[in-house]
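Below you'll find the structure, written out as structure tokens, and then a few comments.
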Amino acid sequence: MSDDPTIGFLKADVARFCAGLDELAPAIRLRLLVQLRASLDKVTDAALDEGMAAAKAEGWGLRQIGGQVGLSHEKVRYRLAQSAGKDEPAGEPS
């Protein structure tokens, strides 16, 4: 998908981690894989939301952002609203 070498390095690191699980008992192996997946999802989702917010701040349209990230413009709108809501201090209305 990407020719960026940093993606290749990350992918190789994850592959090495997964290969290191081969000798573990299935329950431990599956638990670690689920934890890895959840951790990666959390980090990449946050980075994606930040990137979409930066694009919006630069004047990109929701459809243009969606086209770049593979989401509908409505999903982009929803995610931007959700991430903006997380940034508000608790108890203070927007």
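The residues of the chain are indexed from 1 along the displayed sequence.
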inquiry  = Please check if the number of heavy atoms outside Arg31 that lie under 6.0 Å from its CZ is greater than 12.
reply    = yes
ask   = Out of curiosity, Arg79 CZ to Glu74 CD, how far, rounded to the nearest 0.5 Å?
value = 14.5 Å
Shortest non-hydrogen contact between Ile65 and Lys56, atoms and distance = CD1-N, 3.8 Å
inquiry  = Check this for me: Glu23, atom CD, are more than 12 non-hydrogen atoms of other residues, nucleotides or ligands nearer than 6.0 Å?
reply    = no
key: 4.5 Å side-chain heavy-atom contact, Ser72 and Leu62   = no
inquiry  = Atom OH of residue position Tyr78 - does it have more than 12 heavy atoms of other residues, nucleotides or ligands inside 6.0 Å?
reply    = no
message = Is any side-chain heavy atom of Leu21 closer than 4.5 Å to one of Ile28?
response = no
request  = Compare every heavy atom of Val76 with every heavy atom of Gly66, then report the nearest pair and how far apart it is.
outcome  = CA-CG2, 3.6 Å
ask   = Are Leu48 and Leu40 connected, step by step, through hydrophobic side chains (Ile, Leu, Val, Met, Phe, Trp, Tyr) whose heavy atoms are closer than 4.5 Å?
value = no
inquiry  = Quick check for you: to the nearest 0.5 Å, what is the distance between Thr44 atom OG1 and Leu10 atom CG?
reply    = 11.0 Å
note = So CG of Leu32 and SG of Cys18: to nearest 0.5 Å the spacing works out to 10.0 Å
ask   = Do Leu80 and Asp49 have side-chain heavy atoms sitting under 4.5 Å apart?
value = no
inquiry  = Let me confirm one number: the CE-OG distance from Met52 to Ser83, rounded to the nearest 0.5 Å.
reply    = 6.5 Å
